[in-house]
Number of protein chains: 2
Amino acid sequence: MNLKELAAHLGISQTTVSRALNGYPDVAETTRRQVLEAARRFNYRPNPAARRLATGRAGTVAILFPVERNLLVDPHFFELLAGLAEMIARTEMELSLRATPPQEELETYRRLVNAGRVDGFVLSSPTLHDPRIAELTALGAPFVVHGRTQETLPYAYLDIDNADAFARATALLLDLGHTDVALLNGDAALTFARDREQGYRGALAARGLSAAPGRVTNAPMTEEVGYRVARAMLEAGERPTAFLASSVLLALGVYRAARDLGLSVGREVSVIAHDDALPFLKAETFDPPLATTLSPIRRAGYRIAEMLIERISGVDPKALQELWKVDVVFRASVAPPHGVRRGAAAVRAAGDDAAARRPAR
Amino acid sequence: MNLKELAAHLGISQTTVSRALNGYPDVAETTRRQVLEAARRFNYRPNPAARRLATGRAGTVAILFPVERNLLVDPHFFELLAGLAEMIARTEMELSLRATPPQEELETYRRLVNAGRVDGFVLSSPTLHDPRIAELTALGAPFVVHGRTQETLPYAYLDIDNADAFARATALLLDLGHTDVALLNGDAALTFARDREQGYRGALAARGLSAAPGRVTNAPMTEEVGYRVARAMLEAGERPTAFLASSVLLALGVYRAARDLGLSVGREVSVIAHDDALPFLKAETFDPPLATTLSPIRRAGYRIAEMLIERISGVDPKALQELWKVDVVFRASVAPPHGVRRGAAAVRAAGDDAAARRPAR
DNA sequence: CCGCTCGTCCAAAGCGCTTTGGGTATGCAT
DNA sequence: ATGCATACCCAAAGCGCTTTGGACGAGCGG
């Protein structure tokens, strides 16, 4: 069933049917109702290819990932993807997944935009100085960034308040009496890593403390890295009493390192990690359950899809900037440093500080 | 630059340019060369929407995943996706990712095919009796299955020889002297789980052995499940000396359970897992390194994309059925059962059995 | 020299939609 | 009566490609 047939059936012109369907004003309400009704009855759906050709819009949003860059190593990326796909599925749009060699990335954006194959993009894992922002802005292509950069150009983004989250997590540890806290962070070029370090250092500074040398590491966020780094620190003479990790995978490695050295997490070693709520690796099932700064990345995907669609329909990027507060979830992986005796009251207070705050949606 | 302009530039008709570009026979070689050359020089790319409209082909392959089914919990799915995306990116096609509520899954396939929005599908995680096969076959839509089902309809698939892999892994353990081997498997409705169990039971039977009751479990393949199941078994009176796990994530849980109980993997407990080569969780970096049946799922993605394109261009499904042999990789998580003393020779023999065999590509 | 086949090319008709640029009728002020 | 909005509708022109159905010569056997 196509437009022409539908129009013939109704005894009115294609033009009018098309306008009725697309909500144009100059069609009588009675006619519109008839058209809508008939369309529903015949289960009419406009041919997307024809519509694309006629309008020049692609009806597609894309996310591209550079093959062999860290992204692919990264389950977080796919959680985001899942969120995007779920939301996009509720619209008439498509979500196109595109692989690209990293050197050709900008070129790929350019091609897709110029060929009119894509109406908008989601940018994932932005770096501090991310050339994609300027490129896409110059191309005039709508996009939404998951995270932020140091670009001054106005652009749409959704980010979590990483600095605040890690400041609060650090403060929690300090309140419990820790003074030597290590930060296992992601790649230093990524904005979230910088923000988290900033939150961490800020919280230390607020107590007149500062990180001992070597206490902050930047590396891919894998179990293996977490293990190696934590093990090295724990074997050294002066060892940290608490770890802050930028991912649950890293924390998994920290747990392993502690166990290998006969140290018990939640006693000799405290651990807090940022939790993107990867469904196959749940912090609450760790042993002991892992305290986290929690922000489900899937939900970010939902919202980013919505924002992108708004952006495509012309909403100003400055009106599409969201910064979500993050929950701090207190669990048994965190305790006062071993040997330090504090009143139960102090511990309880720290727990209260961690009371759930819902994201700022 | 579009076809018309290109043709005008060359002083020949659109028709001829189009035919030259698309490899039709009735165009002179000299003309064709000119056209190709000009197309390259002007960086001409046919407008996909126009082509779609004219040909009726969508230029898109899709993979849909039911929201909230296990798939999304499953990093394996995304590894496959990555492989598909990489290969599809080298063609003119698009890869569309579509979320669907599980109850509407078949309906979604139907809609996409009837609306001509998709030329072919990749089916992931097939169950023993998977209704998608019959549905898509009836619709006449090309598809390739990652895995197999018990359907008798001819369909294109790429599967690994799960039965053989697990038979060999089991045999390796038995050769080392184990007699009580547990199998931590995935959801029983999934074909690969059935095949692996079959391989496992076959290998036992070949030695006149059989699995003790409760030695085979079916559940989601997460770290947590691996931990719980393994822990329960290891705490029981009669405990298995070796575990076979259907995923590296499960094995991770087994490691944790063993450690918690003061048992050492590679001594008191042997572990082999199937390894899909998830980039963020590498068996070789486990402690001790984890023995595996190895078959990179990413590579399967590459090949499936190729197969799907062939299928779309008319190749018979029966000509597109591949069963890949799987490497068995011997590592330190496997040893003779504790207490059993065997000659070094026997161990070495078992190691040889595990010599790498490349996939049957 | 005729009629045929081949090899090469082309004009034009779609594909199914959107959008332009009116057309007609009605109502209202002039 | 005339002029002019207003409300509603339509024919037809694209959008950029593929494909149909020839056209036109050249070469060739009869």
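By convention in this document, chain letters (A, B, ...) are assigned in the order of the sequence lines, proteins followed by strands, and residues within each chain are numbered from 1.
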So how far is it from Arg98(A) CZ to Arg111(A) CZ, rounded to the nearest 0.5 Å?
7.0 Å
Flag the pair Leu3(A) / Val17(A) as yes when at least one side-chain heavy-atom distance between them is below 4.5 Å, and no otherwise.
yes
Judged by atom type as modelled, is there a donor-acceptor pair below 3.5 Å linking the side chain of Asn47(A) to the main-chain atoms of Ala49(A)?
yes
Could you tell me if Tyr157(B) and Glu322(B) have a donor-acceptor pair between their side chains, going purely by distance under 3.5 Å?
no
So for atom CZ, which belongs to Arg32(B), do other residues, nucleotides or ligands contribute more than 12 heavy atoms lying within a distance under 6.0 Å?
yes
Which atom names give the shortest non-hydrogen contact between Tyr155(A) and Gln321(A), and what distance separates them?
O-NE2, 2.8 Å
Check the side chains of Ser96(B) and Glu94(A) for a donor-acceptor pair under 3.5 angstrom, ignoring hydrogens and angles.
yes
Keeping Arg311(A) on the side-chain end and Val315(A) on the backbone end, is there a donor-acceptor pair under 3.5 Å?
yes
Tabulated below should be each protein N or O lying under 3.5 Å from an N or O of nucleotides 23-28 of chain C; please produce it.
none

If you take any heavy atom closer than 4.0 Å to DNA chain D, which residues from residues 49-59 of chain A end up in contact?
Leu53(A), Ala54(A)
Would the distance check show the side chain of Asp119(B) and the main-chain N or O of Ala58(B) forming a donor-acceptor pair, the cut-off being under 3.5 Å?
yes
Strand contacts (DNA chain D) in residues 7-17 of chain B, 4.0 angstrom heavy-atom criterion:
Gln14(B), Thr15(B)
Full working for salt bridge (Lys or Arg N to Asp or Glu O under 4.0 Å) between Glu135(A) and Arg132(A):
CA-CA 5 Å; Glu135(A) 180 73 30; Arg132(A) 295 176 296 177; over 6 Å; no
Rounded interatomic separation in angstrom, taking CG from Leu3(A) and P from dT19(C)
12 Å
Sequence neighbours excluded, the answer for ring-ring contact (aromatic ring centres under 6.0 Å, His included) partners of Phe42(A) is His9(A)
Rounded to whole angstroms, how far apart are CZ on Arg117(A) and C1' on dG16(D)?
14 Å
Can you list, by residue number, the residues of residues 18-36 of chain A that have a non-hydrogen atom closer than 4.0 angstrom to DNA chain C?
Ser18(A), Arg19(A), Asn22(A), Tyr24(A)
Is the closest side-chain donor-acceptor distance between Thr16(B) and Ser13(B) under 3.5 Å?
yes
Length of the line joining Lys4(B):NZ and dC10(C):C1', which is rounded to integer Å:
15 Å
Just to verify, what does Tyr109(B) make a ring-ring contact (aromatic ring centres under 6.0 Å, His included) with, not counting sequence neighbours?
Phe121(B)
